[in-house]
> 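Handing you this structure, nothing more for now.
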Amino acid sequence: MTDIAPAAAATAAIESKDLSIYYGSFQAVRDVNLDIQPNRITAIIGPSGCGKSTVLRAFNRMNELIPNVNTTGEVLFRGQNIYKSDVDPVEVRRHIGMVFQKPNPFPKSVYENVAWGARINGFKGNMDELVHNSLTAAALWDEVKDKLDQSGLSLSGGQQQRLCIARAIAVRPDIILMDEPCSALDPIATLRIEELMRDLATEYTIIIVTHNMQQAARVSDRTAFFSLSDDGKRAGMLMEYGDTKTMFTRPEKKITEDYITGRFG
Amino acid sequence: MAPTRTSDHVSLKRKPRLRELVIQSLLFVCGLLSIFVTAGIIYELGKESLLFFGRTQWQLTNKPIVADIAPADTRIEVGPIGTPLREGDTLRLDQEVLHLIAIEDSIYVVERGVQDTAPASHAAGAVLHKGVDPSLAEFFTGTTWAPHAGQFGVLPLLNATLMVSGIAILVALPLGLATAIYLSEYASPRARNTLKPILEILAGVPTVVYGYFALTFMTPLLRTIFGQNVVQIYNTASAGIVIGILILPLVSTISEDALNAVPRSLREAAYGLGATRLETAVRIVLPAAFSGIAAAAILAISRAVGETMVVALAAGAGPAFTFNPFQAAETMTGHIVRISGGDLSYDSLDYNSIFAIGLMLFVMTLALNIFSQYIVRRFREVYE
Amino acid sequence: MSASNLQQRHRTGRVWLVVFQVALLTGIVALTALLFNILNGSFGYVAIEDTIAPQDLAVNGVPLEEQDKDTLIQVLQAHISAGLFARYEFDKPFAERSAGEVYDLILERVVEPKFVAQWSLYETLTNRDAIRQTAAQDFPNARLEFRSWLNSHFLRAPQSSYPEIAGVRTAVLGSLWTIGIAVLFAFPVGVAAAVYLQEYAPDNLINRIIQTNITNLAGVPSIIYGILGLAIFVRALGHFTSGVAFGASDPTTSNGRTILSAGLTLGMLVLPLIIINAQEAIKAVPSSLRQASFGLGATRWETVWHHVLPNAISGIMTGTILAISRAIGETAPLVVIGASTFIQVDPEGPFSNFTTLPIQIYQWTARPQSVFRNLAGGASLVLLGLLLTLNATAIILRNRYRRSL
Ligand SMILES: Nc1ncnc2c1ncn2[C@@H]1O[C@H](COP(=O)(O)OP(=O)(O)OP(=O)(O)O)[C@@H](O)[C@H]1O
Ligand SMILES: [Mg+2]
């Protein structure tokens with residue numbers, strides 16, 4: 001982590017400090033300090049159950065939708081701790097969007113899928129243009145331009161996932177969180193989404209959880225490796241964080257190397 | 001695409017979302033309304049029942065006084081007609097309450113102006129009322145229900161209710177259980193998918209139609225089988241059997257769910273040991289599903305206890321303390337319907353009495369329902 | 001284990017299989033008997049004695065059925081007393097009555113058909129000759145007619161104490177009115193409560209109490225709701241439910257035993273059912289939709305209104321229709337709150353006194369004269385028809401719902 005100058009850390013897009021997350025009394029994530037750099041793709045990797053999704057959801061307070069979740073520590077976004085009591089999670093999510101593991105378009109038309117989020121967020125401009133731009137940005141426009149009024153559910157899995165990405169960017173977030181966005185897709189659809197992510201990175205900060213090491217290596221600029229604590233409590237911890245290239249060629253820790261080379265996980 | 005993104009300075013501060021707040025409060029109030037319904041039931045039933053037990057009920061004796069009396073008179077002459085009274089009775093003349101000390105033929109020796117009433121003059125011909133205090137002990141032990149004659153024993157009504165429910169469950173449990181076993185352990189999915197909806201039609205038929213069925217089909221049938229002299233036109237057997245048919249789908253559906261919840265592995269283990277289909281069903285699956293079936297049976301009893309129209313039409317229109325299922329006997333629910341079917345005036349003896357019976361009915365069914373839920377919860381634990 | 005032992009076990013198995021099948025069959029036989037019994041009462045021969053045979057009322061060779069209104073009025077006037085005619089004129093001027101109404105009056109007052117005997121459908125089908133003989137012997141002046149007790153007159157005519165002219169019109173209208181009010185009350189409240197419990201309620205004591213309470217309310221006997229309705233709507237709130245508070249009825253004659261009270265009582269009765277069914281429908285909406293919505297920065301209500309409810313609505317409707325079916329057949333609570341026994345005029349609004357179809361069936365069945373049982377049979381058919389229509393709607397909705405997911 002030597003390459004991060006303190007100045008760069010100060011301009012982090014979002015940053016967690018001593019973040020711990022509990023499901024009831026079970027501590028799923030322990031003391032995570034992670035600063036995400038703007039306009040970069042950050043990959044979160046690690047064995048199953050180590051709390052990757054939990055951390056990701058903590059970045060836009062989606063954990064609150066699960067009963068009995070308790071979060072301690074801070075998540076700083078633009079200098080504000082989003083867990084402060086006077087912060088509205090709805091506002092947070094307007095700035096930090098999310099794409100889920102399984103494509104989940106609304107059972108509405110393609111057009112509505114993209115327009116809905118912008119509309120409830122008070123978008124007053126030209127909606128047709130916004131839909132067009134968002135679908136173009138999600139590399140989907142050419143495929144759906146003739147079926148804008150068909151149900152979003154009638155698209156293929158890969159198209160649905162790109163529709164979900166278009167939907168997310170239509171509300172102009174700063175950050176897009178993606179939780180294994182390609183795990184339900186075939187290799188070709190996966191490739192398209194990966195290309196799309198690279199394009200989007202010029203404008204958005206992207207955090208992606210993935211199980212696929214090649215994917216992390218291909219698309220991400222930086223990689224955070226999580227693993228379970230070895231004290232028997234099975235809490236997820238941040239083990240190593242740095243440039244993807246460095247992580248995959250010269251990991252600092254033995255455990256990271258073991259995981260990356262497929263010796264466990 | 002122009003990056004017209006949110007400005008660098010954003011506020012994540014919570015803004016007052018008035019609409020959300022109003023809507024959430026409204027929804028909460030709607031949720032709370034169900035509590036008010038329960039509270040209303042308990043409050044009204046309790047309040048009027050207390051009035052039933054806590055207040056002297058005045059019955060008209062039709063017995064007049066023969067001569068005018070002055071406030072000081074303690075010996076009053078009464079006419080020969082009307083309900084005879086006994087020494088120790090509390091009496092009322094207009095607004096004044098009297099205590100009957102002794103009876104000397106047609107002369108009543110009374111204490112005047114008791115219970116904080118003032119002695120007054122009464123004209124000849126004024127009619128005596130007799131005061132009766134329904135007591136809890138009498139309510140639960142008396143074997144005659146005739147409130148207007150001063151007898152408040154609920155046992156005849158309770159007994160009829162229990163008889164009808166007993167007969168109903170005797171019909172519904174074996175039939176429902178056997179049906180459930182057949183549907184879950186033997187029938188092909190196709191057969192099940194056609195047979196189940198047919199049985200569920202039974203659950204959709206209004207109870208008053210069952211009442212019609214009991215009176216015009218089941219009763220004549222019973223009378224043909226057992227003899228016109230043995231089976232009365234109104235009888236608890238007919239009502240009980242028909243209620244049994246009515247709760248049959250309840251028993252079979254819940255029992256079948258319970259049987260289906262038994263893991264496949266258990267059946268496979270039994271087959272693997274060489275058990276036949278029957279042995280697997282009866283010795284392995286049935287005991288494993290026992291609590292679910294018990295819950296179904298209890299729920300069915302609760303339903304039978306609260307069932308009204310069938311008994312109102314077929315069981316009998318007068319309280320009778322009998323254990324003979326072929327005789328007429330009015331149940332608690334049947335009594336409430338009959339009494340309130342007439343012109344019921346508020347605060348009358350009848351009005352208060354239906355609340356007392358209603359309270360008892362409510363407590364009985366609630367206890368049964370809670371018991372059944374308790375069993376279901378236990379049953380879940382077994383499989384987790 | 002010897003072979004004969006195994007054979008024995010298989011034999012036992014077969015015997016019990018038969019027992020199970022017989023049990024199932026018994027249920028189906030019971031259903032068949034129930035339905036047949038209604039048909040049995042709804043059709044069959046009747047022996048009818050007319051005071052004046054309709055054919056004797058022909059004027060200039062035109063039979064009664066084909067006469068115009070003026071002729072009908074003349075026929076009526078010729079056969080009833082002047083006083084009675086004047087009273088009819090007073091009740092509703094003949095100028096305002098339709099030809100059909102005058103015709104009905106003639107049937108009622110002039111022809112005066114009397115049912116002197118009636119037979120069930122089963123007897124009618126199996127014993128035709130014997131019935132003819134008996135009828136000819138015992139009722140020489142009567143004509144024997146195959147009658148469907150469910151007929152258009154029966155549907156159109158108001159209640160009457162004469163079985164010959166009685167109908168279910170007032171009862172059907174009363175049922176529709178009460179159900180309408182029940183739904184108006186219970187549907188919004190029930191769905192709102194379900195939304196609260198599924199989408200808003202944190203898992204705390206009060207919400208657990210609400211949930212348990214709803215489950216238990218669903219098991220409370222319907223007659224208890226009647227008692228509650230009597231105490232609250234009829235008595236305590238009588239000022240409002242009678243319409244006096246709104247100046248809608250006469251304070252000296254009106255009471256709280258109105259359609260409004262009945263509707264609210266039935267509403268309370270179906271409320272827990274609607275809540276439970278709506279909760280199930282809302283539960284069935286995939287949580288991924290909610291997450292997608294929240295992820296876009298939607299508020300809870302935006303999520304509920306735009307995604308949860310539209311996707312749950314057919315399930316909610318299906319559940320509500322099932323709850324309504326239950327309410328339509330309810331009798332006991334309405335008897336307790338005091339449905340009027342004898343109502344001949346159509347209900348005019350929520351403050352009218354009322355009777356309903358199940359109450360009508362109850363009262364006709366409870367009458368000692370067997371002829372009213374036939375009317376009860378016909379009314380039961382009407383009720384079952386109503387329920388069938390409702391359930392068919394529910395099934396159609398459910399199928400559409402399945403397809404859309
Ligand atoms: N809703 C929940 N309730 C209780 N425990 C949960 C819940 N969700 C996750 N957990 C627990 O928290 C820990 C972290 O889960 P999480 O889903 O974040 O892991 P993950 O790294 O995303 O795993 P995967 O790679 O399999 O998706 C796990 O032990 C899991 O069992
Ligand atoms: Mg995960």
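Throughout, protein chains are lettered first and strands after them, A, B, ... in sequence-line order, and every chain is numbered starting at 1.
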> So which heavy atom on A:Arg167 is nearest to which on C:Ala292, and how close?
NH2-CB, 3.3 Å

> Under 4.5 Å from any heavy atom of chain A, what part of C:Ser287 do you find: side chain, backbone, both or neither?
neither

> To the nearest 0.5 Å, what is the distance between CZ (C:Phe294) and CE (A:Met98)?
13.5 Å

> Using non-hydrogen atoms only, which part of A:Pro105 is less than 4.5 Å away from chain C: side chain, backbone, both, or neither?
backbone

> For C:Leu289, is there any backbone N or O sitting under 3.5 Å from a side-chain donor or acceptor partner on A:Asn104?
no

> With a 4.5 angstrom heavy-atom cut-off, could you sort out which part of A:Ile96 is near chain C: side chain, backbone, both or neither?
backbone

> Of the non-hydrogen atoms in C:Leu296 and A:Gly117, which two are nearest, and what is the gap between them?
CD1-CA, 4.1 Å

> Going by the rule salt bridge (Lys or Arg N to Asp or Glu O under 4.0 Å), which residues pair with A:Asp88 if we only count those two or more places apart in sequence or in a different chain?
B:Arg17

> I'd like to check the ring-ring contact (aromatic ring centres under 6.0 Å, His included) partners of A:Trp116; sequence neighbours left out, ordered by chain and number.
A:Phe106, C:His306, C:His307

> Might you confirm whether atom OH of C:Tyr200 has over 12 heavy atoms from other residues, nucleotides or ligands at distances under 6.0 Å?
yes

> Between atom CD of A:Glu91 and atom OG1 of C:Thr299, what is the distance when rounded to the nearest 0.5 Å?
11.0 Å

> Roughly how far apart are A:Gln101 CD and C:Ser288 OG, rounded to 0.5 Å?
11.5 Å

> Using heavy-atom distances under 4.5 Å, tell me whether A:Lys102 contacts chain C through its side chain, its backbone, both, or neither.
neither

> Which bit of A:Arg61 is near chain C, if near means a heavy-atom gap under 4.5 Å: side chain, backbone, both or neither?
neither

> Quick one: are C:Arg290 and A:Leu65 in side-chain contact, heavy atoms under 4.5 Å?
no

